[in-house]
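These notes are about the structure you will find just below.
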Amino acid sequence: MKILHIETGMHLYGGPQQVRYLLEGLHARGIRNVLVCPEGSAIAEAAEPFVERVITLRPGLAGVRDFDEALSETAPDLLHVHSRRLGGDWWAAWAARRAGVPALVSRRVDTSEPSWLARLKYRPYACVIAISEGIRRVLLDAGLRPEQVVTVRSAVDPAPYLHNCESTAFRETFGLSEGAVTLGVIAQLIPRKGHRHLFAALPEIVARHPCIKILVFGKGALRETLEAEIARLNLQDSVRFVGFRTDLTRWLPCLDMVVHPADTEGLGVSLLQASAAGVPVIATRAGGIPEAIRDGETGLLVEPGDVTGLRQAILRLLGDAALRRSLGQAGRRYVLEQCTTETMVEGNLAVYRAILSQGKP
């Protein structure tokens with residue numbers, strides 16, 4: 001079986017990281033993989049050990065022509081579209097149809113679309129893989145047929161997170177004093193991740209717990225706006241923007257909690273990573289998040305945009321170290337038992353086989 005994968009994300013987090021996990025697992029099972037990605041994307045190098053070939057796309061319409069040529073040259077049994085960036089979930093599927101190659105697409109966001117648009121977009125696909133039941137419900141509400149949409153949840157490799165905190169190095173790296181309580185936010189700096197809700201909740205939290213430090217991991221278009229908001233709130237001593245870190249696996253176990261105040265979210269892989277590290281999570285009930293974090297068991301959930309509820313949840317964990325430990329321990333057990341890359345790879349492979357046998361996934 002030869003699978004042509006197209007991933008148009010530029011950075012190795014979120015969806016592209018899931019694709020790397022998938023390629024590794026498929027390669028171990030003897031599946032032949034070819035990867036198509038944009039010039040300069042991080043996944044090209046990361047995926048190289050697990051693919052027969054990496055084909056890069058030039059910017060703009062030239063990249064669409066490059067993809068048509070890749071389909072012709074590689075003659076895959078199946079096309080798997082992993083990303084909607086650059087409109088790939090539109091033109092790649094129609095290119096596959098012209099070439100007579102069956103295609104499927106992974107849907108990673110829970111934002112809704114008009115029914116007519118969703119039906120048109122997904123018409124060429126033999127199957128749509130939703131990475132959470134929350135996303136599957138959105139697609140069904142948009143009018144897709146239930147037999148066309150299959151849930152295969154995203155996963156995480158827990159091994160890099162199963163270590164103790166290097167506390168001295170952690171404090172030195174991030175300029176923390178001994179005894180500081182650290183709250184981490186791990187997300188792109190974009191509107192739907194909801195940083196503004198957390199920042200609105202912080203003044204009272206900092207007033208009651210002046211030792212708290214908030215580390216904002218990630219990069220994005222909103223950085224200057226968010227930094228200006230922190231300055232307006234006079235919280236520069238409490239909040240630090242630390243950028244996108246390639247060494248996050250080293251530092252995640254050192255956090256006292258992770259907060260994810262998203263307005264929308266497909267599933268939230270960073271939440272699974274936090275749980276694997278034994279760190280309790282406070283998040284919202286957006287999209288597939290309740291499938292990653294079990295309220296009261298592995299973390300605490302509040303409604304999206306509920307600043308008061310978010311503040312109360314953070315204050316609750318700040319005041320209860322035993323609860324933080326028990327939630328973190330339960331989260332690690334959940335990831336080790338339910339959210340493995342092995343399960344994710346087998347789920348995708350089952351869909352491939354069903355499509356190629358002309359059965360129903």
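Here the structure is a predicted model, which means the values were calculated and not measured.
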Check your understanding: Would you call Glu337 and Arg333 a salt bridge, using N to O less than 4.0 angstrom?
Key -> no
Exercise for review: Count the heavy atoms of every other residue, nucleotide or ligand shown that sit under 6.0 Å from CZ of Arg316, and state whether that count exceeds 12.
Suggested key: no
Exercise for review: Assess whether salt bridge (charged side-chain N to carboxylate O under 4.0 Å, His left out) is satisfied between Glu113 and Arg119, documenting all intermediate values.
Suggested key: CA-CA 10 Å; Glu113 298 170 312; Arg119 289 195 296 269; over 6 Å; no
Review point. For the side chain of Arg32 and the backbone of Met1, is there at least one donor-acceptor N/O pair under 3.5 Å apart?
Key: no
Point to revise | Leu26 side chain reached by Tyr352 side chain, heavy atoms, under 4.5 Å | key: yes
Check your understanding: Taking the side chain from Arg353 and the backbone from Ile355, do they hold a donor-acceptor pair closer than 3.5 Å?
Key -> no
Review point. Within the distance-only criterion (no hydrogens, no angle test), does the side chain of Trp251 pair as donor or acceptor with the backbone N or O of Cys165 below 3.5 angstrom?
Key: no
Review point. Where the side chain of Gln273 meets the backbone of Val156, is there a donor-acceptor pair that is under 3.5 Å apart?
Key: no
Check your understanding: Okay, side chain of Arg192, backbone of Ala262: is any donor-acceptor separation there less than 3.5 Å?
Key -> no
Check your understanding: Quick one: do the Asp306 and His197 side chains pair a donor with an acceptor below 3.5 Å?
Key -> no
Practice item. Check whether any side-chain heavy atom of Ile186 lies under 4.5 Å from a side-chain heavy atom of Val258, and answer yes or no. Key: yes
Review point. If you measure from the Lys or Arg side-chain nitrogens to the Asp or Glu carboxylate oxygens, is any gap between Glu133 and Arg153 under 4.0 Å?
Key: no
Exercise for review: Considering only NZ, NE, NH1 and NH2 on the basic side and carboxylate oxygens on the acidic side, decide whether Lys213 and Asp237 come within less than 4.0 Å.
Suggested key: no
Point to revise | N-O pairing of Glu166 and Arg250 below 4.0 Å | key: yes
Point to revise | Side-chain touch Leu202/Ile214, heavy atoms, less than 4.5 angstrom | key: yes
Exercise for review: Apply the test salt bridge (charged side-chain N to carboxylate O under 4.0 Å, His left out) to residues Glu346 and Arg29: give CA-CA distance (whole Å), side-chain angles for both, the deciding distance (0.1 Å), then the verdict.
Suggested key: CA-CA 10 Å; Glu346 286 296 334; Arg29 289 161 174 78; 2.7 Å; yes
Point to revise | Exam field: side chain Asp110 to backbone Gly287, donor-acceptor pair closer than 3.5 Å | key: yes
Exercise for review: Count the heavy atoms of every other residue, nucleotide or ligand shown that sit under 6.0 Å from CD of Glu342, and state whether that count exceeds 12.
Suggested key: no
Check your understanding: Are any non-hydrogen side-chain atoms of Ile55 and Asp66 less than 4.5 angstrom apart?
Key -> no
Exercise for review: Report yes if some heavy atom in the side chain of Ser41 is under 4.5 Å from a heavy atom in the side chain of Glu7; otherwise report no.
Suggested key: no
Review point. Looking only at atom types and distance, does a side-chain atom of Arg196 sit under 3.5 Å from a main-chain N or O of Pro191, one as donor and one as acceptor?
Key: yes
Exercise for review: Return yes when atom CD of Gln236 has more than 12 non-hydrogen atoms of other residues, nucleotides or ligands closer than 6.0 Å, and no otherwise.
Suggested key: yes
Check your understanding: Knowing that exactly one of Ile131, Thr341, Val269 qualifies, which makes a side chain to side chain contact (heavy atoms under 4.5 Å, CB included) with Gln18?
Key -> Val269
Exercise for review: Measure from the side-chain N and O atoms of Gln148 to the backbone N and O of Tyr122, and report whether any donor-acceptor pair falls under 3.5 Å.
Suggested key: yes
**Study point:** From CD1 (Ile282) to CZ (Arg324), nearest 0.5 Å
**Key:** 10.0 Å
Review point. Regarding His27 and Asn33, is there a side-chain donor-to-acceptor distance under 3.5 Å anywhere?
Key: no
**Study point:** Centroid-centroid under 6.0 Å between His80 and His82 rings
**Key:** yes
Practice item. Give a yes or no on this: more than 12 heavy atoms of other residues, nucleotides or ligands lie within 6.0 Å of atom CD of Glu48. Key: no
Practice item. Spell out, as yes or no, whether a donor-acceptor pair under 3.5 Å connects the side chain of Arg136 to the backbone of Val149. Key: yes
**Study point:** Whether over 12 other heavy atoms sit under 6.0 Å from Asp247 CG
**Key:** yes
Check your understanding: Under 3.5 Å, side chain of Arg84 to main-chain N/O of Asp89, donor-acceptor pair present?
Key -> no
Check your understanding: Only one of Leu22, Val345, Asn348 forms a side chain to side chain contact (heavy atoms under 4.5 Å, CB included) with Val152, so which one is it?
Key -> Asn348
Point to revise | Check ion pair Glu24-Arg20 (N to O, under 4.0 angstrom) | key: yes
Check your understanding: Taking the six-membered ring for Trp, is the centroid-to-centroid distance between Phe244 and Tyr13 below 6.0 Å?
Key -> yes
